Amino acid sequence: MKVLGILGSPRVGGNSDILLEQALAGAKNAGAEVEKIVLSKKKISGCLDCGKCNETGICVIKDDMLEIHQRILDADAIIHSVPVYFWAMTSQMKAYLDRWCAFFDAEWQWHKAYRPKMKGKRIGLITLCGDPNVSTADPIVHSFKSTCQFSGLKLFGVVQASASTKGEVSKNEEIKKKAYDMGRKSVTG
Ligand SMILES: Cc1cc2nc3c(=O)[nH]c(=O)nc-3n(C[C@H](O)[C@H](O)[C@H](O)COP(=O)(O)O)c2cc1C
């Protein structure tokens, strides 16, 4: 069982990172092999909508996303953690998500070769926002929820937290426990 953590904040050691680490600790505790990718340390360009991947299943942009595509395919569960930037996900997370395009054919069905690995894959999401009202991050939840619904991925857990300064969320034991439990759930179901 492999659980992949995707950090969409460029602030390493920040709030999204702290909660992602909690989730990965939960997954590890439940017996999973875990790995974390920090998107801001990778070179990931935006999707060009060139359509080539519709035929080949391989993106024409030769950057770090090609390796991440493999990690996605190999993972049993993927937990994303991302803060709100201007009422939306960060540019790093958006570029990553748009590049999932390569997994689909021209009819937005999983490429046949990928379908067995992608269908039903478990997806988790952690959102952070400076606003005390955690629903400020709902547009990000909507984006992931819709993506999962339309493609047959399984959104198994969402944790939404509020924090502003770097590391502030570490004081919130309740939300750290929620993230940890979500990580366990990524393995135990
Ligand atoms: C460029 C930028 C835009 C932001 N926009 C919002 C916003 O629209 N709403 C909000 O509640 N917080 C906003 N924030 C605050 C972050 O979501 C908040 O500080 C969060 O804890 C950062 O998480 P991190 O430590 O994982 O980077 C913004 C922060 C930055 C740097």
Side-chain angles (χ1 to χ4, degrees), residues 2-30 32-47 63-65 67-69 71-72 75 77-100 121-148 153 155-187:
K2 284 186 185 168
V3 177
L4 178 63
I6 299 287
L7 181 63
S9 169
R11 196 154 67 163
V12 174
N15 299 313
S16 312
D17 198 8
I18 288 166
L19 293 187
L20 183 59
E21 285 292 343
Q22 287 290 318
L24 293 178
K28 202 170 177 186
N29 178 270
E33 188 185 312
V34 301
E35 185 192 359
K36 182 173 83 175
I37 293 176
V38 180
L39 295 179
S40 64
K41 291 189 174 168
K42 303 287 181 187
K43 192 175 180 310
I44 306 173
S45 301
C47 172
D63 62 9
D64 292 334
M65 196 61 203
E67 174 62 19
I68 298 173
H69 280 141
R71 293 284 190 278
I72 291 167
I78 308 170
I79 301 175
H80 303 82
S81 189
V82 61
V84 172
Y85 277 11
F86 294 101
W87 292 270
M89 69 182 78
T90 58
S91 55
Q92 290 88 352
M93 187 61 90
K94 189 64 168 69
Y96 153 91
L97 197 55
D98 288 352
R99 295 284 295 282
W100 276 56
K121 197 182 289 285
R122 302 163 67 69
I123 302 293
L125 175 65
I126 299 166
T127 66
L128 269 298
C129 61
D131 193 323
N133 183 357
V134 297
S135 66
T136 294
D138 284 356
I140 303 178
V141 179
H142 174 78
S143 177
F144 274 82
K145 200 180 264 181
S146 305
T147 302
C148 290
L153 296 160
L155 188 66
F156 72 89
V158 176
V159 171
Q160 293 186 264
S162 172
S164 277
T165 55
K166 186 174 180 181
E168 188 187 329
V169 82
S170 63
K171 290 181 276 181
N172 188 337
E173 294 300 331
E174 190 188 335
I175 208 76
K176 282 198 293 183
K177 169 93 170 47
K178 273 191 186 165
Y180 184 88
D181 289 346
M182 189 178 81
R184 280 193 61 85
K185 198 174 160 203
S186 73
V187 181

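These numbers were taken from a predicted model, which means no experiment stands behind them. For ligands, and for the atoms within them, numbers begin at 1 and follow the listed sequence.
- Between Arg71 and Glu67 there is a salt bridge, since a side-chain N of the basic residue sits under 4.0 Å from a carboxylate O of the acidic one.
- For Asp131, a nitrogen or oxygen atom sits less than 3.5 Å from a nitrogen or oxygen atom of ligand 1, counting backbone and side chain alike.
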Checklist entry - Does the pair Leu153 and Trp100 meet the rule for a side chain to side chain contact (heavy atoms under 4.5 Å, CB included), with working shown? => result CA-CA 12 Å; Leu153 296 160; Trp100 276 56; 3.8 Å; yes
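- Ion pair Asp98/Lys94 flagged as a salt bridge, since at least one NZ, NE, NH1 or NH2 atom sits closer than 4.0 Å to an Asp/Glu carboxylate oxygen.
- In this structure, atom 26 (O) of ligand 1 lies nearest to the protein heavy atom Ser16 OG, 2.6 Å.
- Proximity to Ala163 (heavy-atom distance under 4.0 Å) selects the following atoms of ligand 1: 18 (C), 19 (O), 20 (C), 21 (O).
- When hydrogens are left out, the protein atom nearest atom 9 (N) of ligand 1 is Val84 CG1, 3.7 Å; that is the closest non-hydrogen contact.
- At the top of the distance list for atom 15 (C) of ligand 1, counting protein heavy atoms only, stands Gly130 N, 3.8 Å.
- Residue contact check: Ser9 has heavy atoms under 4.0 Å from atoms 24 (P), 26 (O), 27 (O) of ligand 1.
- Residue Cys129 places no N or O, backbone or side chain, under 3.5 Å from any N or O of ligand 1.
- Between the side chain of Arg122 and the backbone N or O of Phe156 there is no donor-acceptor pair closer than 3.5 Å.
- A donor-acceptor pair under 3.5 Å links the side-chain atoms of Lys166 to the main chain of Val12, judged by distance alone.
- Of the protein's non-hydrogen atoms, Tyr85 CD1, 3.6 Å is the one closest to atom 2 (C) of ligand 1.
- At a 3.5 angstrom cut-off on N or O pairs, Trp87 counts as close to ligand 1.
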Item to check | Test side chain to side chain contact (heavy atoms under 4.5 Å, CB included) applied to Ser9 and Leu128, step by step | outcome: CA-CA 10 Å; Ser9 169; Leu128 269 298; over 6 Å; no
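- On a distance-only criterion, Asn15 and ligand 1 share at least one N/O pair closer than 3.5 Å.
- Less than 4.0 angstrom separates some heavy atom of Thr136 from each of these atoms of ligand 1: 9 (N), 11 (O).
- Not a single donor-acceptor pair under 3.5 Å links the side chain of Asp131 to the backbone N or O of Thr136.
- What sits closest to atom 23 (O) of ligand 1 on the protein, heavy atoms only, is Pro83 CB, 3.3 Å.
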Next on the checklist: Let's go through Ile126 and Gln22 carefully: what are the C-alpha distance in whole Å and the side-chain angles of both, what is the deciding distance for side chain to side chain contact (heavy atoms under 4.5 Å, CB included) to 0.1 Å, and is it a yes or a no?
Outcome noted: CA-CA 11 Å; Ile126 299 166; Gln22 287 290 318; over 6 Å; no
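- A donor-acceptor pair under 3.5 Å links the side-chain atoms of Asp64 to the main chain of Lys43, judged by distance alone.
- The atoms of ligand 1 that sit less than 4.0 Å from any heavy atom of Phe86 are 1 (C), 3 (C), 4 (C), 5 (N), 6 (C), 7 (C), 8 (O).
- Against a heavy-atom cut-off of under 4.0 Å, Ser164 is close to the following atoms of ligand 1: 19 (O), 21 (O).
- Using a 4.5 Å cut-off on side-chain heavy atoms (C-beta onward), Asn29 and Tyr180 make contact.
- By the 3.5 Å distance cut-off applied to N or O atoms, Gly14 is not counted among the residues near ligand 1.
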